Amino acid sequence: MSLSDPASSAPYPAETRLFIGGSWRPAAAGERLPVHNPADDAEIGRVAHARAADLEAAVEAAAAGFAVWRVASPPERAGVLDRTAALLAERAEAIGRLITLEQGKPLPEAIGEAAFAAEILRWFAGEARRVYGRTIPARGGAAIAQSTVKEPIGVVAAFTPWNFPVHQAVLKLAAAVAAGCSIVLKGPEETPASVAALVEAFADAGLPAGVINLVFGTPAEISAYLIPHPTVRKLSFTGSTAVGRQLAALAGQHLKRSTLELGGHAPVIVFDDVDPVLVGARLAGAKFYNAGQTCASPTRFLVQRGIYNRLTEAFVAAAKGVVVGNGVDAGVGMGPLAHPRRIAALEGFVADAVAKGARLALGGSRIGNAGSFFEPTVLLDVPIEARAFNEEPFGPIALFRPFDTAEEAIAEANRLEAGLAAYVYSGSIARATAAEAAIEAGMISVNHHGLALPELPFGGVKASGWGSEAGADAVGAYLVEKLVTRAGL
Ligand code: NAD
């Protein structure tokens, strides 16, 4: 069987190396970190652990890559992105298999993630052709020409997490490449091989050496090295709000531009004019996707009192039907959590909520002793003081509370500092539009879960971050504007 067969037993790479200046290399000091399969805790490979010498080499390579790529023509940049897309589409099954082995999600979801990266690359290939400034009529008439040009900002330091290893990385890589930047990406140490396979596709598509460099190591050490580095001009980070705050402070100190895609705590407001059985089942599908390890995951379910019992019963029934297991097995709907530290975090959230008066309607515990499996969990009547109602649970935990008036639900939706995604369910256009206007969130999805498409902006407000990672403004985050005003002599 070949690696491209999802049922293949082709081995996981023994060592995922650093990609610096167009070549794959071990860490200079030979250090490596173990990579585990979260379905059985087995060590499946190792990843090279970069230290200062490797990071300096990566920055130098990125500086050289930038000198080449900043002057590459728009069709040249678009061509690389289009060819990378074609390779991703061809390799989606093999890359998906790597994602499942190192991250745990069901194989069809993992293959879907890799295949969807091709869609994202195609979108950015189009955007690469549309990077241009404007002409501004001069006060002094035709003797003066005024125009702006958009130039790539320079070398970017990027940090991406383990929940959607390929998706999170491709958004940053594709935007940087489209803009003409070069990039040093710190990939997730938990899920390195799929990110390396993505970077390999860029290289195979003809991206010049040094434009993309990939490192792994100790996250705090790498950010402390790269962000203040004088060659680095921009930070892009996806991860928790707590870490985002620290990195933004460091970037601010060194006046580096930042794009931050941070945590969410998405409210879901369900009004009593919907079918509770239909909506309850649909919400369960959305909640347990990727075992709830999604920044836009629906989390605080606020349900109008008249349908609260029927909707929560339908949700629990659907949650009971979620098949939890090893993501490589057919029919599995939810894999393990991506790493063991999430088990302790989720157990803590459940115990705290129950102690404060929530009713545990389903789950609440780890499954078995091997692998990081956790039950689909439903907590009802959760008090707002519960920790899970305030901190991002980032796991398969659904938290329900009834509400009476729209004002009450909206006040709860806006109570937290997070402002990433929000969801509204209602059969009334008036109720839905009033909620859309009042909710403080970067993205609101009404009566469906329609986020995260390449052409749609993806980003948060308040403490959920700065900037957008997709849509028409995404490349702009990697550009600076230069004004040129020219008169004849
Ligand atoms: P964590 O806060 O330790 O790490 C989150 C991410 O930030 C990881 O990818 C990690 O490598 C990176 N990171 C951590 N410290 C860093 C530093 N000093 N410099 C640079 N990068 C650093 O938490 P975790 O246990 O890995 O994940 C749990 C929490 O992270 C979740 O509760 C969730 O809030 C958040 N998270 C968010 C996303 C997202 O898509 N926005 C993705 C993954 C994790």
Side-chain angles (χ1 to χ4, degrees), residues 33 35-36 38 47 49-50 55 102-105 113 157-172 184-192 194-195 214-229 232 235-251 256 258-266 289-297 299 337-346 348-349 372 374 387-388 390-397 416-421 442-443 451-452 458-460 462-470:
L33 293 163
V35 181
H36 295 100
V47 55
H49 186 304
L55 300 176
E102 60 191 13
Q103 199 273 354
K105 67 181 68 180
E113 179 180 338
F159 300 81
T160 56
W162 42 262
N163 57 340
F164 293 93
V166 169
H167 179 85
Q168 306 279 24
V170 78
L171 287 170
K172 298 189 195 305
V184 179
L185 171 67
K186 187 203 82 65
E189 291 72 26
E190 296 87 350
T191 57
S194 57
V195 181
L214 177 65
V215 297
F216 303 95
T218 303
E221 212 175 283
I222 297 181
S223 54
Y225 190 90
L226 292 182
I227 294 171
H229 198 295
V232 170
L235 158 71
S236 183
F237 171 76
T238 299
S240 60
T241 298
V243 173
R245 229 184 269 283
Q246 291 167 23
L247 301 195
L250 188 57
K256 304 289 168 79
S258 304
T259 300
L260 302 170
E261 176 59 56
L262 308 178
H265 204 298
Y289 173 64
N290 203 24
Q293 301 167 119
T294 306
C295 52
S297 186
T299 297
L337 303 175
H339 48 70
R341 62 181 180 272
R342 300 302 309 150
I343 295 274
L346 295 187
F349 282 128
S372 298
F374 202 86
R387 268 185 43 226
N390 296 277
E391 298 166 32
E392 188 176 26
F394 222 66
I397 298 187
L416 298 185
E417 63 168 7
L420 191 62
M443 302 171 284
L451 307 177
F458 192 97
K462 302 204 292 187
S464 288
W466 300 338
S468 186
E469 286 241 271

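Note: hydrogens, waters and symmetry copies are ignored here, and every other heavy atom, side chains too, is used. The structure displayed is predicted, hence computed values, not measured ones. Both counts, for ligands and for their atoms, begin at 1 and track the order of listing.
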*Asks:* To check your reading of the model: name the closest protein heavy atom to atom 33 (C) of ligand 1, its residue, and the distance in Å.
*Replies:*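 The answer is Glu392 OE1, 3.2 Å.
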
*Asks:* To check your reading of the model: name the closest protein heavy atom to atom 29 (C) of ligand 1, its residue, and the distance in Å.
*Replies:*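 Among all protein heavy atoms, the one nearest atom 29 (C) of ligand 1 is Ser240 CB, 4.0 Å.
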
*Asks:* Hey, which atoms in ligand 1 end up nearer than 4.0 Å to a heavy atom of Arg341?
*Replies:*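 So the atoms of ligand 1 that pass are 24 (P), 25 (O), 26 (O).
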
*Asks:* What residues form a side chain to side chain donor-acceptor pair (under 3.5 Å) with Thr218, not counting sequence neighbours?
*Replies:*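 Scan of Thr218 (side chain to side chain donor-acceptor pair (under 3.5 Å), adjacent residues dropped) gives His49.
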
*Asks:* When you look for heavy atoms under 4.0 Å from ligand 1, do you find them on the side chain of Ser223, its backbone, both, or neither?
*Replies:*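 Near ligand 1, Ser223 shows its side chain, while the N, CA, C and O stay back.
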
*Asks:* Write out the residue and atom name of the closest protein heavy atom to atom 43 (C) of ligand 1, then the distance separating them to 0.1 Å.
*Replies:*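 Its nearest protein heavy-atom neighbour is Pro161 CB, 3.4 Å.
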
*Asks:* Once you restrict to heavy atoms under 4.0 Å, what part of Thr238 touches ligand 1? Side chain, backbone, both or neither.
*Replies:*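 Only the side chain of Thr238 comes within reach of ligand 1.
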
*Asks:* Heavy atom to atom 10 (C) of ligand 1, shortest distance: which of Gly263, Pro219, Ala224 holds it?
*Replies:*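 Answer by nearest heavy atom: Pro219.
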
*Asks:* Specify the protein heavy atom at minimum distance from atom 6 (C) of ligand 1: its residue, its atom name, and the distance to 0.1 Å.
*Replies:*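 In this structure, atom 6 (C) of ligand 1 has Gly239 CA, 4.2 Å as its nearest protein heavy atom.
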
*Asks:* For atom 18 (N) of ligand 1, what's the nearest protein heavy-atom neighbour? Residue, atom name and distance, please.
*Replies:*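 The answer is Ala220 CA, 3.2 Å.
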
*Asks:* Suppose I only count heavy atoms of His339 and a 4.0 Å limit; which atoms of ligand 1 are within that range?
*Replies:*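 Here the atoms of ligand 1 in question are 25 (O), 26 (O).
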
*Asks:* Among all protein heavy atoms in this structure, tell me which lies nearest to atom 39 (C) of ligand 1, with the distance rounded to 0.1 Å.
*Replies:*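 The closest heavy atom on the protein side is Cys295 CB, 3.7 Å.
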
*Asks:* Out of Phe164, Phe394, Phe237, whose heavy atom is nearest to atom 44 (C) of ligand 1?
*Replies:*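 Result: the heavy atom closest to atom 44 (C) of ligand 1 is in Phe394.
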
*Asks:* For Glu392, enumerate each residue passing the side chain to side chain donor-acceptor pair (under 3.5 Å) test, keeping only those at least two apart in sequence or located in another chain.
*Replies:*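 Counting only residues at least two positions away or on another chain, Glu392 forms no side chain to side chain donor-acceptor pair (under 3.5 Å).
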
*Asks:* Backbone, side chain, both or neither: what part of Gln293 comes under 4.0 angstrom of ligand 1, heavy atoms only?
*Replies:*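 No part of Gln293 is near ligand 1 at this cut-off.
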
*Asks:* With heavy-atom distances below 4.0 Å as the criterion, list the atoms of ligand 1 near Gln168.
*Replies:*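 Reading through ligand 1 atom by atom, the close ones are 40 (O).
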
*Asks:* Looking only at non-hydrogen atoms, which of Glu261, Arg342, Lys186 approaches atom 28 (C) of ligand 1 most closely?
*Replies:*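 The nearest heavy atom belongs to Arg342.
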
*Asks:* Considering only heavy atoms of Leu262, which atoms of ligand 1 have at least one such atom less than 4.0 Å away?
*Replies:*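 In order of number, 41 (N).
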
